[in-house]
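Accompanying notes for the structure given below.
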Amino acid sequence: MSEVVLRAAVEADAPAMLALYAPYVLETTVSSEYTPPSLAEFRERMHTYQAKLPWLVCTVDDEIVGYGYASPHRQRAAYQWSVETSIYVAAEWHRNGIAGAIYSALFELLAMQGYYNIFVGVTSPNERSMKFHKAMGFIISGAYQESMYKFGQWRDVLWMGKTLRPHEGEPQPTVPFPEIQDSPLVARTLRQAAQRIHI
C-alpha cells in the first residue's frame, strides 16, 4: 500500500513543487503568470510567505503530487485577517481527493492561527474549479470582468470566499505558522486530512 503524507513544505521541496507548477503556467489559465518563476524566485516566495502562513505538500511514496499554500489577501493592516489560497495537483493525480485534503488542512490551520476569511480567484470559464470550491464551502464574492489577458483572450476572474469563524468582536493578532508548526495539534490535523485521500 502506498504511503500518503501531508506535511509542511521545506526548502528542499522547491524543485519538485516548481516542476509541478510549471505546466499550470505554460498550459492553463489557472495561473496568471506567462512564464514559470526561476527556482531562486520560487524559493524566495516560499521563504516570504512561510514566515507567517502554511505551505503544505502532499507526497505519495515520497513523491510530491500536490501542494497548497496561503498568502496575504492584501498588504494593508485592515486586511491582515484575510488570506488567499492556491492549490496545485499533478495532472495524473487528479480526482484522488488531494486538493480537498490540502484545503481541509489549510482551513483548520488558518483557523488555529486566528484568520477569518479565505479568498480564491478562479479564471473563467472553469466550471470544474467552481464546483470544487463550492463543495469546499466557498461562495461567489464578485468578479473582475475581463481583468486577465492570457492565450490571446481577455478573461474574467471570479472571486470566491469562505468564512473560517464568526465575525464577532475585535480580532486578535494572528499567530505565525512557524510558532505552531511543530505542535501535536498541527500534526493531528495533517494526519487526519491525509486520510481523506484515496489512492
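One is the number of the first residue; the rest follow in order along the sequence. Bear in mind the structure is a predicted one, so any value in this text is a computation, not a measurement.
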Roughly how far, to the nearest 0.5 Å, is CE of Met148 from CG of Asp156? 11.0 Å

Is there side-chain contact between Ser82 and Tyr116, with at least one heavy-atom pair below 4.5 Å? no

Of Phe132, Tyr103, Phe119, which meets ring pair (Phe, Tyr, Trp, His ring centres under 6.0 Å) against Phe138? Tyr103

Which residues pass the side chain to side chain contact (heavy atoms under 4.5 Å, CB included) test with Gln50, sequence neighbours left out? Ala9, Met46, Trp55

Please work out which of the three classes, parallel, tilted or perpendicular, describes the rings of His94 and Tyr24, given edges at 30° and 60°. tilted

Gln80 side-chain N/O to Ala77 backbone N/O, donor-acceptor pair under 3.5 Å: yes

For Val25 and Ser31 the tightest heavy-atom approach is CG2-OG, 3.6 Å

For Tyr149, the other hydrophobic cluster members (4.5 Å side-chain criterion, sorted by chain and number) are Tyr34, Trp154

If you take all heavy atoms of Ile64 and Met17, which pair is closest and at what distance? CD1-CG, 4.2 Å

Looking at every non-hydrogen atom in both residues, tell me the closest pair between Cys58 and Ile102 and how far apart they are. CB-CD1, 4.4 Å

Please find the pair of heavy atoms, one from Pro54 and one from Leu106, that lie closest to each other, and give the distance. CG-CD2, 3.8 Å

Can His198 and Asn96 be said to form a side-chain contact (heavy atoms from CB on, under 4.5 Å), step by step? CA-CA 5 Å; His198 44 88; Asn96 291 103; 4.3 Å; yes

What are the two closest non-hydrogen atoms of Ala105 and Ala193, and how far apart are they? CB-CB, 3.8 Å

Is atom CD of Glu92 surrounded by more than 12 heavy atoms (other residues, nucleotides or ligands) closer than 6.0 Å? yes

Heavy-atom pair of closest approach, residues Met136 and Lys162: O-NZ, 3.2 Å

